[in-house]
Undergrad: 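Can you read through this structure? Questions will come right after.
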Amino acid sequence: MRKFGAGFLVLLCFLGACSGSNPELVDLTNPAFYTQGMPKFEPTLKNVIKRSTHVATLSVVSRQPYDDNRMLYTFKVESLLAGELTDEHITVLGGKSFYQDDETYLLFLSLASFPSWPRDIFVPYNLFNFRVTNGEDIDCLQEAGNEEAGRERLFVKPFKEPEHNRLSFIKDYVKTHSKSMQKPELATRTWDTDSLLKNSDVVIEIMPTRIEPGNPYVNYVEFEVTSIFKGDISSEAMFLPSTLEVNHKYVIFLKGDEQEGYDLTAREGVFPQGTAEYENFLSTWQNK
């Protein structure tokens, strides 16, 4: 049996510690005064990987307002470190002045997929808003900038050991721990009316009477129920796609209940009056 020297065993222990332990953080500050995305947990690199659905390096392509404090950023995925994507561009909900053009970021993301929204969005873990400079160096956003006040963004090195503040180290670390990551739950997509009907708890025809702006994707819609095709409902308001208009009729397919609330069964779960889907559904229903 082959014998190994003490030096070799020490080396194995060292390598194991480097790949399995958590790199030690400095005291970091959340640059946002709000929380979003992930529930509270001990902020370590291992824990944030475990609670992410995707880890990637990205660069800003465009942005649009989401609310008073946040923007919807379109990012180009430069490198996907963990998770699965089919598109090289993704939408990220982030702070108003967090991300700038001509910079690269390393973000730990949680995918949010809602049937009432037209597309998936990604929510970053705000404490780990990492920027990549010179293709390798990592720093972390601590304070958002303010153009009106003339205040620049503030970054610090996130880890105490200099070798941990490098993209190559984090890539290897993510690869080692990526099997523990969250699996995203995706909103259903279907064009099959029979499947929509079968999988819905409530199917109704509504006419919006009042709409309050929500965000670029959904509004708070108050409505009159003009027909009930399946189930029962007492709710007369909910968040629905921003494409709905007052005094127009829609057949909507819903999952949920009065206690937990309702959402669309699928992203195609709204049939506007005048469309082929709307007319075909009513014709099929009347001939049953």
Side-chain angles (χ1 to χ4, degrees), residues 32 34-39 51-54 56 58 60-77 83-96 98-99 107-126 182-193 195-196 199-204 206 208 210-223 233 235 237-246 248 250-257 260-272 275 277-278:
Y34 53 84
T35 58
Q36 63 177 23
M38 302 178 192
R51 287 162 176 81
S52 300
T53 59
H54 298 77
L58 314 108
V60 176
V61 175
S62 63
R63 57 179 63 77
Q64 70 176 107
Y66 177 82
D67 57 23
D68 290 342
N69 302 305
R70 292 173 291 180
M71 307 286 285
L72 287 168
Y73 294 87
T74 299
F75 276 102
K76 179 183 179 183
V77 179
E84 296 181 2
L85 291 173
T86 58
D87 197 334
E88 69 172 354
H89 292 91
I90 63 173
T91 302
V92 174
L93 179 61
K96 208 169 202 176
F98 282 14
Y99 312 116
L107 299 181
F108 299 82
L109 301 165
S110 178
L111 184 145
S113 186
F114 306 116
S116 54
W117 292 40
R119 61 177 58 86
D120 298 334
I121 68 165
F122 293 80
V123 181
Y125 179 55
N126 278 332
Q182 298 288 315
K183 300 297 182 184
E185 296 184 10
L186 300 177
T188 302
R189 297 188 63 93
T190 176
W191 293 98
D192 185 339
T193 302
S195 295
L196 279 171
N199 290 288
S200 297
D201 299 310
V202 174
V203 181
I204 54 177
I206 65 170
R210 183 170 177 269
I211 295 176
E212 292 184 14
N215 62 50
Y217 296 149
V218 294
N219 292 324
Y220 189 68
V221 180
E222 297 179 8
F223 54 81
I233 188 170
S235 299
M238 65 183 67
F239 284 99
L240 289 168
S242 57
T243 53
L244 272 64
E245 300 178 8
V246 170
H248 287 67
Y250 303 86
V251 172
I252 61 174
F253 298 80
L254 302 171
K255 286 187 73 68
D257 55 39
E260 298 294 331
Y262 295 96
D263 200 353
L264 295 180
T265 304
R267 286 200 168 134
E268 293 78 17
V270 176
F271 293 173
T275 63
E277 291 84 3
Y278 177 93

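Only a predicted model underlies this, so the values are computations on that prediction, with no experimental measurement involved.
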Undergrad: R51 side chain to Q182 main-chain N or O, any donor-acceptor pair under 3.5 Å?
TA: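 It does not hold such a pair.
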Undergrad: Atom CG of N69 and atom CZ of F98: how far apart are they, to the nearest 0.5 Å?
TA: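 N69 atom CG to F98 atom CZ measures 9.5 Å (nearest 0.5 Å).
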Undergrad: Any side-chain heavy atom of L72 sitting closer than 4.5 Å to one from N215?
TA: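 Result no, sub-4.5 Å side-chain heavy-atom pair not found.
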Undergrad: Roughly how far, to the nearest 0.5 Å, is NE2 of H89 from OG of S62?
TA: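 If we round to the nearest 0.5 Å, S62:OG and H89:NE2 are 8.5 Å apart.
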Undergrad: So how far is it from K96 NZ to Y66 OH, rounded to the nearest 0.5 Å?
TA: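 Separation between the atoms: 14.0 Å.
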Undergrad: Using the side chain to side chain contact (heavy atoms under 4.5 Å, CB included) rule, pick out the option among T188, T53, D120, I121 that qualifies with S113.
TA: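 Going through the options one by one, the only one that passes is D120.
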Undergrad: Evaluate the criterion side-chain contact (heavy atoms from CB on, under 4.5 Å) for residue pair R119 and Y217; output intermediate values, then yes/no.
TA: CA-CA 9 Å; R119 61 177 58 86; Y217 296 149; 3.2 Å; yes
Undergrad: Heavy atoms only: give me the nearest R189-P118 pair and the separation to one decimal.
TA: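 Scanning both residues, the minimum pair turns out to be NH1-O, 4.3 Å.
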Undergrad: Are the side chain of N219 and the backbone N or O of V221 linked by a donor-acceptor pair below 3.5 Å?
TA: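 Not confirmed, N219 side chain does not pair with V221 backbone.
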Undergrad: Taking all heavy atoms of P115 and all of T265, pick out the closest pair and write down the distance.
TA: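 P115 and T265 have their closest heavy atoms at CB-C, 4.4 Å.
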Undergrad: Can you give me the closest heavy-atom contact between I233 and M238, atom names plus distance?
TA: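 Closest pair (atom of I233, atom of M238, distance): CD1-CE, 4.1 Å.
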Undergrad: Can you tell if the side chain of F75 reaches within under 4.5 Å of the side chain of V60, non-hydrogen atoms only?
TA: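 Contact flag for F75/V60 side chains = yes.
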Undergrad: Does a side-chain heavy-atom distance below 4.5 Å link L111 with H54?
TA: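 Yes, at least one pair of side-chain atoms sits under 4.5 Å.
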Undergrad: Counting heavy atoms not belonging to K76, are there more than 12 under 6.0 Å from its NZ?
TA: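 Counting other residues, nucleotides and ligands, NZ of K76 stays at 12 neighbours or fewer.
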Undergrad: Run the side-chain contact (heavy atoms from CB on, under 4.5 Å) check on L109 and S52 step by step: do they pass?
TA: CA-CA 5 Å; L109 301 165; S52 300; 5.9 Å; no
Undergrad: Taking all non-hydrogen atoms of both residues into account, name the closest pair between P208 and L244 and its distance.
TA: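 Looking at all heavy atoms of both residues, the closest pair is CG-CD2, 4.3 Å.
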Undergrad: CD1 of I252 to CZ of F223: how many Å apart, nearest 0.5 Å?
TA: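 Reported to 0.5 Å precision, the distance equals 5.5 Å.
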Undergrad: Can you find a heavy atom in the side chain of F271 that is under 4.5 Å from one in the side chain of L196?
TA: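 In contact.
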Undergrad: I'd like to check F122 versus L85 (side-chain heavy atoms, cut-off strictly below 4.5 Å). Are they in contact?
TA: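 When only atoms from C-beta onward are counted, L85 and F122 do touch, with a gap below 4.5 Å.
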Undergrad: So do L264 and L254 actually touch side chain to side chain, heavy atoms under 4.5 Å?
TA: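 L254 vs L264: side chains touch.
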Undergrad: Strictly under 6.0 Å, is that where the ring centroids of F114 and F239 end up?
TA: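 For F114 and F239, the ring centres are not under 6.0 Å apart.
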Undergrad: So, Y73 side chain and G95 main chain: donor-acceptor pair closer than 3.5 Å or not?
TA: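 Yes, Y73 side chain to G95 backbone: donor-acceptor pair under 3.5 Å.
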Undergrad: Would you compute the distance between atom CE of M71 and atom CD of Q64 and round it to the nearest 0.5 angstrom?
TA: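 Going from the CE atom of M71 to the CD atom of Q64 covers 8.0 Å.
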Undergrad: To check you understand the geometry: which heavy-atom pair defines the closest contact between I90 and D87, and what is its length?
TA: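 Scanning both residues completely, I find the closest heavy atoms to be CG2-O, 4.5 Å.
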Undergrad: So how far is it from N199 CG to F253 CZ, rounded to the nearest 0.5 Å?
TA: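 Rounded to the nearest 0.5 Å, the CG-CZ separation comes out at 11.0 Å.
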Undergrad: Could you pull out the closest heavy-atom pair between Y99 and P124, with the gap in Å?
TA: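 Nearest pair, atom of Y99 first, then P124: OH-CG, 3.6 Å.
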Undergrad: Tell me if the CD atom of E212 is crowded by more than 12 foreign heavy atoms within 6.0 Å.
TA: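 Above 12, so yes.
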